[in-house]
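Working notes, structure below.
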Amino acid sequence: MTGAPALVVIGGGPRGTGIIERIAANAAELYGGLPLDIHLVDPYPPGGGRIWRQDQSPLLWMNSMAEDVTMFTDDSVLMDGPVRPGPALHTWADDVREGRTAVDAGPAVLREIHALGAQDFPSRRLQSVYLRWVYERAVAALPPGITVHAHTGRALRVSGPRGGPQQVRIEGRAEPLNADLVVLTVGHLDAEPDAGQRELSAFADRHGLVHLPPDFTADTDLSALPPGEPVLVRGFGLAFVDLMVLLTEGRGGRYENGAYVPSGREPVLYVGSRRGVPYRSKIGYTLRGERPPLPHHFGADQVAELAGRPGPVDFRRDVWPLVAKELGHAHYHRLFTAHPERTAMDRGDFEEKYAVAEPGSAELAALVASAVPDPADRLDLAALDHPLDGVRHDSFDALQDALRAHVTADLERRHDPGHSPDLAVFLGLLSVYAQLTGLGDTGEHWHGFFSYLASGPPGPRLRQLLALSEAGVVRFLGADMTVETDEEQGVFRARGTTVPGAYTEARALVEARLPDPSLRTTRSALLSALHEEGAAVTGTGLLSVDPADGRILDREGRPHPRRFALGPYTTARSGGAFTRPRTGGPAFRQNDATARTALAFLRDHSCRDHLTA
């Protein structure tokens with residue numbers, strides 16, 4: 001008899017952990033007590049991986065409350081494998097406090113755990129300890145004969161024939177790992193700068209300026225940004241929030257009674273973006289009462305119909321109207337059930353007419369106007385997405401006042417249960433994301449829109465932003481920000497459309513966003529090699545995978561029998577490797593499908609070897 005089959009999982013963060021958890025859950029049914037070696041490859045410790053590693057600043061938070069973070073399945077996940085429940089982050093913290101769960105963490109993190117409440121926003125290093133515990137629990141749940149071998153290193157290449165064993169080359173290791181199957185779960189990756197970024201860097205080099213291209217903020221060297229000097233920041237999402245924290249509290253500033261007290265070592269951040277406003281605040285209350293039934297207007301049937309059409313699917317033309325109708329359904333269902341006094345039509349009559357109205361039609365708009373008297377209670381996705389469209393101010397000072405008013409209004413609304421249709425729309429966004437994994441590459445518009453509305457910063461971070469604005473440490477540039485270079489003056493120059501004719505000059509520019517998840521620009525030797533050897537890549541550079549189980553597709557559309565990939569660089573990208581409880585967890589469903597396909601393959605492979613030994 002030959003040795004045990006080998007499965008190599010490349011990427012030891014939460015997605016790789018999820019694959020191991022699903023193998024443990026499904027092994028009894030599908031693997032029948034056979035031996036298996038699982039090799040986990042990552043340069044960072046298992047569980048957290050790079051993004052959630054423990055050795056990062058304690059000032060960096062998650063953007064989810066502790067009660068909204070779980071790595072465990074429940075009966076809301078539509079999958080073939082068994083549910084294996086486990087604690088969400090806040091419940092796990094309770095178990096640690098009560099001595100029911102032991103963890104390996106330093107005194108500072110233990111203090112955080114003991115102080116953590118269900119609606120607190122944990123630090124990323126605390127989440128790292130939770131993820132490490134989940135990983136260790138998943139490994140412990142594997143049946144006898146299935147063993148995990150962790151390899152500290154960076155995977156460089158996967159080679160091997162379609163019909164035979166694979167080899168995984170690891171940096172610093174002379175011999176490759178032999179594998180019967182390989183699953184890539186490598187998460188966010190570094191990228192080579194595009195032509196525009198290269199030009200900006202070259203300009204900075206010529207004039208002794210600072211240009212920081214897109215990067216994971218926790219890994220960026222910010223020491224080149226001098227105190228008191230203006231810094232242009234392009235990007236107003238979560239990467240900006242991390243930058244803001246590291247350059248203020250991270251340089252000794254502090255908050256007292258809601259005001260910011262500078263240390264004197266902060267630069268002055270001039271921030272703008274396409275929208276010109278920060279991502280919407282995380283909602284600060286929980287849903288009570290009836291949940292909107294989801295999916296309703298955009299579910300499996302609609303996805304199958306779209307996928308079956310000849311030719312490519314155009315997101316804006318074919319998909320967006322259905323998405324908008326689904327989000328409207330969630331919004332108005334909640335409005336009619338939780339706040340009926342603000343409606344002017346029988347709920348059943350409204351739902352019947354809403355169901356047959358064409359998405360985006362004048363008929364639908366007229367129906368909503370007649371049923372919902374107050375425009376503030378109507379869902380206007382365009383206004384939400386582009387709040388500064390058409391807005392003009394005659395000075396930067398006027399813009400500062402207006403943006404502070406915008407952020408304040410957003411904070412008040414997102415923490416007011418009287419606006420609970422907003423939370424229903426959030427649930428609708430999660431539902432839509434789960435469905436879109438079946439359509440492949442839907443472009444960047446959807447992902448950006450989802451992140452802006454559903455994955456914004458904690459409310460306390462936006463209150464800090466207001467304090468920093470009042471203190472003059474942060475200045476707003478407005479919408480449609482562009483950056484020019486002036487060779488004669490040797491400076492960067494930023495403009496926006498919100499204050500016509502005005503501009504700001506600086507000797508430093510920071511691109512506050514993650515690199516695009518494209519195989520065409522990735523610095524990952526592993527993914528670049530896959531692309532060069534024939535793996536299919538979409539127009540935006542995503543790795544094409546079979547939505548059913550994550551197998552990598554070649555350029556003829558054939559799934560590779562021995563290679564799988566899951567994560568943000570694939571066409572099956574989902575909202576995150578973990579999620580809030582009881583929201584379906586599309587990543588959990590994907591993990592389950594991949595694990596089950598892998599186990600069935602390895603079982604049959606092992607049985608063949610046994611019969612021929």
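Scope of the values below: all heavy atoms of this structure, side chains included, with no hydrogens, waters or symmetry mates.
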**Report entry** Atom pair CG (Leu322) and NE2 (His297), whose distance is rounded to the nearest 0.5 Å
**Finding:** 10.0 Å

Query raised in the report: Which pair of non-hydrogen atoms, one from Leu306 and one from Phe298, has the smallest distance, and what is that distance?
Result: CD1-CE1, 4.0 Å

Requested in this report: In sequence, state the C-alpha distance, the side-chain angles, and the governing distance for Arg157 and Gln167, and then conclude on side chain to side chain donor-acceptor pair (under 3.5 Å).
Outcome: CA-CA 8 Å; Arg157 194 179 193 92; Gln167 291 78 43; over 6 Å; no

Query raised in the report: Is there a donor in the side chain of Arg280 and an acceptor in the side chain of Tyr452, or the other way round, less than 3.5 Å apart?
Result: yes

Query raised in the report: Rounded to the nearest 0.5 Å, how far apart are CG of Leu7 and CG of Asp180?
Result: 9.0 Å

Report summary line: Interatomic distance, CZ@Arg84 vs CE@Met71, rounded to 0.5 Å, equals 16.0 Å

Report task. Determine, step by step, whether Arg125 and Gln56 satisfy the side chain to side chain donor-acceptor pair (under 3.5 Å) criterion, reporting the C-alpha distance in whole Å, the side-chain angles of both residues, the deciding distance to 0.1 Å, and the verdict. Result -> CA-CA 7 Å; Arg125 67 178 187 177; Gln56 55 187 303; over 6 Å; no

Query raised in the report: Would Leu543 and Ile552 count as a side-chain contact (heavy atoms from CB on, under 4.5 Å) if you check the C-alpha gap in whole Å, the side-chain angles of each, and the deciding distance to 0.1 Å?
Result: CA-CA 8 Å; Leu543 178 65; Ile552 297 173; 4.0 Å; yes

Report summary line: With Trp52 as partner, the option from Phe578, Phe216, Tyr135, Tyr130 fulfilling ring pair (Phe, Tyr, Trp, His ring centres under 6.0 Å) is Phe578

Query raised in the report: Less than 4.5 Å apart, any side-chain heavy atom of Leu462 and any of Pro278?
Result: yes

Query - Centroid-centroid under 6.0 Å between Tyr279 and Phe236 rings - result: no

Report summary line: When rounded to the nearest 0.5 Å, the distance separating CG of Leu40 from CD1 of Ile19 is 11.0 Å

Query raised in the report: Would you call the rings of His149 and His39 parallel, tilted or perpendicular, where under 30° means parallel and over 60° means perpendicular?
Result: parallel

Query - Atom pair CD (Gln54) and CZ (Arg124), whose distance is rounded to the nearest 0.5 Å - result: 14.5 Å

Report task. Could you walk me through whether Arg162 and Asp554 pass salt bridge (Lys or Arg N to Asp or Glu O under 4.0 Å), step by step? Result -> CA-CA 11 Å; Arg162 285 178 58 87; Asp554 67 15; 3.8 Å; yes

Query - Smallest separation among heavy atoms of Arg316 and Pro321, with atom names - result: O-CD, 3.4 Å

Requested in this report: Rounded to the nearest 0.5 Å, what's the gap from CG on Leu232 to NE2 on His211? Could you check?
Outcome: 10.5 Å

Query - His447 vs Tyr433, side chain to side chain donor-acceptor pair (under 3.5 Å): CA-CA, chis, key distance, verdict - result: CA-CA 9 Å; His447 186 70; Tyr433 217 130; 2.7 Å; yes

Report task. Report yes or no: is the cationic atom of Arg562 (NZ for Lys, CZ for Arg) under 6.0 Å from the centre of the six-membered ring of Phe601, at an angle within 45° of the ring normal? Result -> no

Query raised in the report: Are any non-hydrogen side-chain atoms of Val41 and Val8 less than 4.5 angstrom apart?
Result: yes

Query raised in the report: Do we get Arg461 above Trp61's six-membered ring, with its NZ or CZ under 6.0 Å from the centre and within 45° of the axis?
Result: yes

Requested in this report: Please test Asp242 against Thr217 for side chain to side chain donor-acceptor pair (under 3.5 Å), starting from the C-alpha separation and ending with a verdict.
Outcome: CA-CA 6 Å; Asp242 287 349; Thr217 308; 4.7 Å; no

Query raised in the report: Centroid-to-centroid, Phe449 to Trp320, below 6.0 Å?
Result: yes

Requested in this report: Would you tell me whether Asp37 and Thr147 have side-chain atoms, one donor and one acceptor, within less than 3.5 Å of each other?
Outcome: no

